[in-house]
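As a basis for the values below, the full set of heavy atoms in this structure was taken, side chains included, without hydrogen atoms, waters or symmetry mates.
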Amino acid sequence: MSATPVRFRDPLSKEYEFTDSMLVRCPRCDGMAHFDRRPAHAPDADAVSYRQRRLVCPSCGLARNPSCAHPVLWLRTRTRHGEVWAYNLEHLDLLRRFVAASLRERPPWYEHGRKMTYVARLPAWIKRAKNRDEVLRAIDRIRASVVTG
């Protein structure tokens, strides 16, 4: 009897949903830092709220509003096919569950208006079953870098 396939249902998330909190490389000490986007406090209730960026490094104590929009991501590694990366651990977990699944499901296009979700936009080499083991090893290396980093 064959084993039950690991099932993945597309949560219909978009890539930008993971960008509020990212793990990045500190520009000062090259350690792991947090890059957060939070709504700014508007002094007036009628004022439009904007997004404030903040980079905080627990290793060297750097805390500032960075001048660049996206610092270098911490959660990334290269494979022979291309680069595997994630914004944060939640994003990495979604990618791992998708790659590990042998049965990948999504609602039919006519059931929702969100046609190009994050997993639908992944490169073909990540989606291929023949690359599954290599991509999972890369994801495990990335996960280990958070513990040792």
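When the salt bridge (Lys or Arg N to Asp or Glu O under 4.0 Å) test is applied to R76, the partners found at least two apart in sequence or on another chain are E83. Taking the salt bridge (Lys or Arg N to Asp or Glu O under 4.0 Å) definition, one finds that D133 meets it with nothing, sequence neighbours left out. Scored by the salt bridge (Lys or Arg N to Asp or Glu O under 4.0 Å) test, R7 finds E105 as partners (sequence neighbours excluded).
Considering CG of L89 and CZ of R143, their distance stands at 5.0 Å, rounded to 0.5 Å. The structure places OG1 of T79 at 7.5 Å from CG of N131, a figure rounded to the nearest 0.5 Å. Separation of atoms CZ (R137) and CD1 (I139) is listed at 11.5 Å; rounding is to 0.5 Å. One finds the CZ atom of R25 at 10.0 Å from the CG atom of L73 (value rounded to the nearest 0.5 Å). Rounded to the nearest 0.5 Å, atoms CG (D10) and CG (L94) are 8.0 Å apart. Distance OG1/T117 to CZ/F98: 8.5 Å, rounded to 0.5 Å.
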- Would R54 and F35 satisfy side-chain contact (heavy atoms from CB on, under 4.5 Å), going step by step from the backbone distance to the final call? CA-CA 6 Å; R54 185 92 173 143; F35 182 71; over 6 Å; no
inquiry  = Quick one, N65 with L55, criterion side-chain contact (heavy atoms from CB on, under 4.5 Å). Give me CA distance, side-chain angles, the key distance, then yes/no.
reply    = CA-CA 6 Å; N65 294 338; L55 188 134; over 6 Å; no
Margin query: Run the side-chain contact (heavy atoms from CB on, under 4.5 Å) test on D140 and R96 for me, step by step, so that the C-alpha distance in whole Å, both residues' side-chain angles and the decisive distance to 0.1 Å come before the verdict.
Written below: CA-CA 9 Å; D140 291 340; R96 186 174 208 314; 3.1 Å; yes
Go through the steps to decide whether H34 and M22 satisfy the test side-chain contact (heavy atoms from CB on, under 4.5 Å), and finish with yes or no. CA-CA 6 Å; H34 299 276; M22 298 185 278; over 6 Å; no
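Clustering ILVMFWY residues whenever any of their side-chain heavy atoms sit less than 4.5 angstrom apart, transitively, puts V146 in the very cluster that holds I142.
Under a 3.5 Å cut-off, the side chain of K127 and the backbone N or O of V99 do not form any donor-acceptor pair. Put simply, the side chain of N88 never gets that close to the backbone of T19: no donor and acceptor are under 3.5 Å apart. A donor-acceptor pair under 3.5 Å is formed between the side chain of E17 and the backbone N or O of K14. Judged purely by atom type and a 3.5 angstrom limit, S59 has no side-chain atom pairing as donor or acceptor with the backbone of G31.
Relative orientation of the Y118 and F18 rings is perpendicular, given thresholds of 30° and 60° on the angle between their planes. By the 30° and 60° cut-offs, the orientation of the rings of Y87 relative to W85 is perpendicular.
The nearest pair of heavy atoms linking S145 to L75 is OG-CD2, 4.5 Å. When every heavy atom of A101 is checked against every heavy atom of F8, the shortest pair comes out as CB-CB, 3.4 Å. Nearest heavy-atom pair, C26 versus C29, reported as atom, atom and distance to 0.1 Å: SG-N, 3.5 Å.
In summary, E15 and R121 do not engage in a salt bridge, as defined by a charged side-chain N under 4.0 Å from a carboxylate O. Looking at D36 and R53, no side-chain N of the basic residue comes within less than 4.0 Å of a carboxylate O on the acidic one, giving no salt bridge.
P27 places none of its side-chain heavy atoms less than 4.5 Å from the side chain of V72.
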